[in-house]
Amino acid sequence: MTTPEQPRGGLVPTSRNLALVTRKAGFGTAAGFIARFVLPLLGGGVVEIAAPLSRFDRDAMLEDSGALLLPDLLELRTRVAHQLVADPALEHPDANELSLWIGLHDLLAFDHPDTDRVWTRASTWTRVESETRGLFAQASPSDLSDALARHLAVAALLDLRRDDRIVTGPEGEQRWFGQEPPRRVGLFGPRLVEVRGETVIWIDQPHRPVVARLLDDAMAVSPLTSLLRPGRAPAGWSPLAGSVSPAQFLRERSFARAVCHAWAREREWLLTGGVIAGSLLRAIGLGEAPGGRPQPAGDDSPEAIGAVVGALIHLHVLKVLEFDARIGLGLAERNWSVQAFLAMPLLLARLEPVLGRPFSGQPDNESFARRWDEYCEHLGGLVPRPVVDNLLATLVRRVVEPPSP
C-alpha cells in the first residue's frame with residue numbers, strides 16, 4: 001500500500017507493495033512496526049503488511065514504550081493534525097492508540113492477496129477477526145484529543161493508494177494487487193506480454209466481507225472521521241452518539257470551521273449534507289432508521305442539536321460564498337434527508353436568536369445578505385412546504401425551547 005506524500009493531495013509515490021511476510025519475518029519490535037507501518041501510513045510512502053498481530057504483540061511492543069515517543073512520530077502526528085486545525089491538542093501516543101494502529105494493520109492483512117501463506121484454516125482467521133475487533137474496542141476515544149489522534153490514522157487508511165500491475169497477453173489479462181508479477185507469469189508464455197501499472201484508491205476497490213465488517217469497527221472508534229466522511233460512517237451512525245460525539249467537535253469553533261470547509265470541498269456536498277441531516281433527525285426520533293435499526297442514544301441537548309444544525313446551515317453559507325449553490329430538482333425530489341438538509345436555511349428566522357446570523361461578520365454584509373435571500377427563495381421553490389413546517393414544529397423546537405424540568 002502507498003499513501004500520498006505530505007501534504008495530502010500531492011503526488012502518489014510510485015513504489016512497490018511488499019508481499020505479505022511470515023510472522024517470523026514480521027516487524028519484531030515497536031520501533032520496527034512504527035517505522036514500517038505507522039510512519040508511512042500517516043506521512044506517505046510504502047505501508048508494509050506482515051502477518052496479523054495480536055494484543056500479545058501489542059503488550060510486547062509496550063515493553064519498549066519509548067518507541068511511542070520517537071521525535072519523528074510525535075512531529076509527524078502534529079504536522080498531519082495541523083492540516084485540519086491550526087492548534088491541535090494532541091496527547092502523546094499510548095496503548096490505546098497503538099491498539100488502533102495494530103487493528104488497522106490487521107484489517108489490511110485480511111485484504112492482502114497472500115493471506116493463505118500465513119494460515120489456511122478459516123477458524124484461525126475467525127479468531128483473528130475477533131482479536132482485531134477487540135483491538136478496535138480498546139481504541140475507543142475518551143476525549144477530543146483522543147478522537148483527533150484516532151482520526152489521523154483512520155483518515156490515512158481511507159486515503160491509501162494501491163499500485164497494481166496488470167499483465168496482458170494473448171489469452172487475456174491478469175491483475176496483481178499491489179504487487180509486482182513474477183518474472184515468469186504462468187498464465188502466459190515468455191513473449192507477447194505487456195505489463196502496465198495502475199494506481200487505485202484502496203477503499204474504493206472490492207473487499208472481502210470481513211474487511212467491510214472491520215471497517216465499520218475502525219470508523220466507530222473515530223467519530224471525527226465519520227463526521228468528515230459520513231458516507232463511510234458505520235450503519236446506524238449518529239452525530240449525537242458516542243462517549244465523544246461528533247457534535248462535540250462542532251461545538252468547538254476551530255473544528256466546526258474545519259469540518260464545514262471539508263464538507264464544502266466535497267463534490268457531492270448535497271449528499272454529504274443529506275447524510276448528516278438524516279442521521280440527526282433519526283437520532284432524535286424524527287425519521288425511521290434504516291432496516292428498523294434503533295439509533296444509538298447520545299447527547300440530544302439543545303446545544304448539541306443546535307451545533308449540528310448550525311454546521312449544516314454554515315455549509316450552505318460557504319456554497320453561497322463560492323457562487324456554487326444553484327441547486328436543481330432531482331435529489332431534492334426523491335431523497336427526504338436531502339430535502340431536510342436543503343430546508344435548514346429556511347429555518348434560520350426561528351433559529352437566529354439561538355444560533356445567530358450566518359453573515360453578520362461578512363465584510364460586504366449587504367451584498368451577501370441579498371445573495372443569501374435569493375438563495376433561500378430558490379430553496380423555497382425546491383423544498384415542499386410540509387417538510388419545512390414539520391422541521392419548524394419538531395427540530396427547531398428542540399433547539400430554541402429549553403427542555404421541560
Side-chain angles (χ1 to χ4, degrees), residues 81-91 140-152 154-155 219-230 233-234 236-266 269 272-286 295-318 340-341 344-345 347-348 350-361 391 394-403:
H82 268 301
Q83 296 174 21
L84 184 66
V85 289
D87 188 21
L90 281 175
E91 302 294 335
S140 183
S142 60
D143 55 28
L144 293 185
S145 175
D146 275 354
L148 176 58
R150 304 299 180 266
H151 169 69
L152 303 182
V154 176
M219 295 296 293
V221 299
S222 187
L224 180 55
T225 312
S226 291
L227 181 63
L228 288 163
R229 308 276 285 270
W237 174 81
S238 160
L240 303 178
S243 57
V244 180
S245 73
Q248 289 179 251
F249 285 99
L250 296 177
R251 295 171 71 173
E252 298 284 337
R253 181 180 294 272
S254 61
F255 279 110
R257 182 186 300 273
V259 169
C260 291
H261 279 272
W263 289 344
R265 287 192 296 269
E266 293 286 339
W269 64 277
T272 296
V275 172
I276 300 293
S279 299
L280 171 66
L281 295 176
R282 286 190 288 266
I284 59 177
L286 302 182
Q295 289 290 98
D299 179 7
D300 60 353
S301 66
E303 293 78 12
I305 298 172
V308 180
V309 173
L312 290 173
I313 294 175
H314 193 67
L315 174 55
H316 285 277
V317 171
L318 292 175
F341 168 58
M344 294 294 170
L347 313 177
L348 189 56
R350 286 278 304 280
L351 291 168
E352 185 178 350
V354 175
L355 300 184
R357 196 125 177 102
F359 41 83
S360 57
L391 292 175
T394 55
L395 177 65
V396 170
R397 183 173 296 173
R398 297 287 295 269
V399 177
V400 301
E401 295 182 7

Using the side-chain contact (heavy atoms from CB on, under 4.5 Å) rule, take L395 and M344 through it: C-alpha gap first, then chi angles, then the decisive distance, then the call.
CA-CA 10 Å; L395 177 65; M344 294 294 170; 3.7 Å; yes
Can you tell if the side chain of P223 reaches within under 4.5 Å of the side chain of P141, non-hydrogen atoms only?
yes
When rounded to the nearest 0.5 angstrom, what is the spacing between CZ in R398 and CG in L280?
9.0 Å
Please give me the minimum heavy-atom distance between S238 and A283, naming the atom from each residue.
OG-CB, 3.2 Å
Within the side chain of S254, is there an N or O that forms a donor-acceptor pair under 3.5 Å with the backbone of V85?
no
Under 3.5 Å, is there a donor-acceptor pair between the H151 and T225 side chains?
yes
Closest heavy-atom contact between I305 and D300?
CD1-O, 3.4 Å
Just wondering, are more than 12 heavy atoms of other shown residues or ligands nearer than 6.0 Å to CD in E91?
no
Are L144 and L224 packed together at the side-chain level, in the sense that at least one heavy-atom pair is separated by less than 4.5 angstrom?
no
pair L315-I276: side-chain heavy atoms closer than 4.5 Å
no
Determine the minimum heavy-atom distance between V154 and S222, stating which atoms define it.
CG2-CB, 3.8 Å
Considering all heavy atoms, the nearest L148-P88 contact
CD2-CB, 3.8 Å
Give a yes or no on whether the backbone of S142 and the side-chain of S243 come within a donor-acceptor separation of less than 3.5 Å.
no
Could you report the tightest heavy-atom contact between F341 and H316, atom names first, then the distance?
O-NE2, 2.9 Å
Quick check: do F255 and L84 have side-chain heavy atoms less than 4.5 Å from each other?
yes
Please report the shortest heavy-atom distance between L250 and V308, naming the atom on each side.
CD1-CA, 3.9 Å
More than 12 heavy atoms from other groups under 6.0 Å of CZ on R257:
no
Please tell me if the side chains of I313 and L347 come closer than 4.5 Å, counting only heavy atoms from C-beta onward.
no
I'd like to check the side-chain contact (heavy atoms from CB on, under 4.5 Å) partners of R251; sequence neighbours left out, ordered by chain and number.
D299, S301, E303, A304, A307
Can you check whether S245's main-chain N or O pairs, donor with acceptor, with Q248's side chain at less than 3.5 Å?
yes
N/O donor-acceptor pair under 3.5 Å between W263 side chain and L227 backbone:
yes
Counting C-beta onward and ignoring hydrogens, is there a side-chain heavy-atom pair between V244 and D146 closer than 4.5 Å?
no
